[in-house]
Amino acid sequence: MTRTRVEVSADTHDEPLDERVVIELSRAQVDKIVREAAGAGTLSVLLAGLGDVREMLDGEPKQLEDVRLSRSLLSGLLMLAMFPLDGDYLGNAELARMLDMNSSTTHRYVSTLVAVGLVERNPATRRYRLAQ
Amino acid sequence: MSVLVSGLPDMRRVLEQPPEINDHRLSRSLLLGLRLLACVPVNGAFTSVTELASKTGMNMSTTHRYISTLVAVGLLERDPGTRQYRLAQ
């Protein structure tokens, strides 16, 4: 691990400074913040991009064809992003309404997200939430 | 998306089971797109369309379409110099 040398002149520092501890803590904190920022950043990118995704889905089919995007994958990712991060449940009808899809397609997509372990289903209520 | 990325190891395991792909109650396109995402190295290393196509068993054109979709939503990023892709940092 790289040590950073901190030089403090006698007349400017007024309290004892444990150079090593200060630097290590700061590195750990920076690492932690970077990790958290990376996680939050990726999420915010997706959420910020949702408007665009909606436009792509709502737009003329030509646009989808031109950029050669997968409508199914876009819809599935959009559905995933609809789930509340606090673990609240959504029902099939709510998802269908939010995504403006018919209930059978909605069910197919949400079942796919369940199959890959990203979303979980409560068998009693038949509602879904992000896998905990 | 942190939820998606944190779920990747599990997803990887599930997506290694080929029968899922042919389950008619599921969306094949969504499964393939997620499987492709699960094939991108989690350590942030770059990978090429050819590598991803060979890992997923999809043709180049389909692979490219799914990659472009994942780039469009900000999950993957492209290095214009090498034309390779990695998980968005």
Side-chain angles (χ1 to χ4, degrees), chain A residues 34-57 63-81 83-87 101 104-120 129-132, chain B residues 1-40 42-44 49 56 58-78 86-89:
Chain A
V34 167
R35 272 198 307 275
E36 285 174 358
T42 332
L43 177 62
S44 62
V45 167
L46 183 62
L47 294 179
L50 280 184
D52 293 341
V53 176
R54 273 193 180 287
E55 276 169 33
M56 289 176 207
L57 288 168
Q63 192 189 356
L64 271 177
E65 208 140 302
D66 281 352
V67 278
R68 298 185 141 274
L69 302 182
S70 160
R71 178 179 286 267
S72 301
L73 182 53
L74 279 176
S75 303
L77 293 172
L78 190 57
M79 175 182 286
L80 186 62
F83 283 95
L85 292 174
D86 60 10
M101 297 196 298
S104 141
T105 308
T106 304
H107 192 260
R108 203 153 45 85
Y109 285 144
V110 77
S111 301
T112 307
L113 294 176
V114 170
V116 298
L118 289 169
V119 167
E120 61 187 29
R129 65 171 175 179
L130 289 178
Q132 304 294 298
Chain B
M1 178 165 198
S2 58
V3 171
L4 193 52
V5 173
S6 70
L8 279 178
D10 284 345
M11 200 164 86
R12 219 174 284 266
R13 230 177 10 251
V14 174
L15 292 171
E16 277 164 7
Q17 312 291 322
E20 297 282 355
I21 293 290
N22 293 317
D23 188 330
H24 295 307
R25 289 164 300 179
L26 305 180
S27 161
R28 184 183 157 85
S29 301
L30 180 53
L31 274 176
L32 289 173
L34 292 173
R35 183 163 79 169
L36 184 140
L37 183 61
C39 286
V40 179
V42 279
N43 64 7
V49 181
T56 55
M58 300 191 291
N59 67 44
M60 292 286 284
S61 152
T62 309
T63 306
H64 203 267
R65 196 157 49 86
Y66 288 130
I67 290 176
S68 301
T69 308
L70 293 170
V71 170
V73 298
L75 286 169
L76 293 187
E77 59 186 28
R78 178 177 189 263
R86 66 171 175 182
L87 289 177
Q89 303 296 297

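The analysis underlying the following values was restricted to heavy atoms, covering all of them including side chains, and did not include hydrogens, waters or symmetry mates. Proteins get letters first, then strands, A, B, ... in listed order; numbering begins at 1 in each.
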Applying salt bridge (Lys or Arg N to Asp or Glu O under 4.0 Å) to A:R129 and not counting sequence neighbours gives A:E120
Checked A:T112, A:T105, A:V110 vs chain B; the most non-hydrogen pairs under 4.5 Å come from A:T112
Smallest separation among heavy atoms of A:L73 and B:L34, with atom names: CD1-N, 4.2 Å
Is there a side-chain contact between A:V116 and B:L30, using heavy atoms and a 4.5 Å cut-off? no
When only pairs under 4.5 Å are counted, which of B:S61, B:G33, B:S27 shares the most heavy-atom pairs with chain A? B:S27
What is the distance from atom CD1 of B:I67 to atom CG of A:L69, rounded to the nearest 0.5 Å? 12.0 Å
For B:H24 and A:R108, work out which heavy atoms get closest and say how close. O-CD, 4.0 Å
Please report the interatomic distance CG(A:L74) to OG(B:S29), rounded to the nearest 0.5 Å. 11.0 Å
Nearest heavy atoms of A:S70 and B:T69, plus distance in Å: N-OG1, 2.7 Å
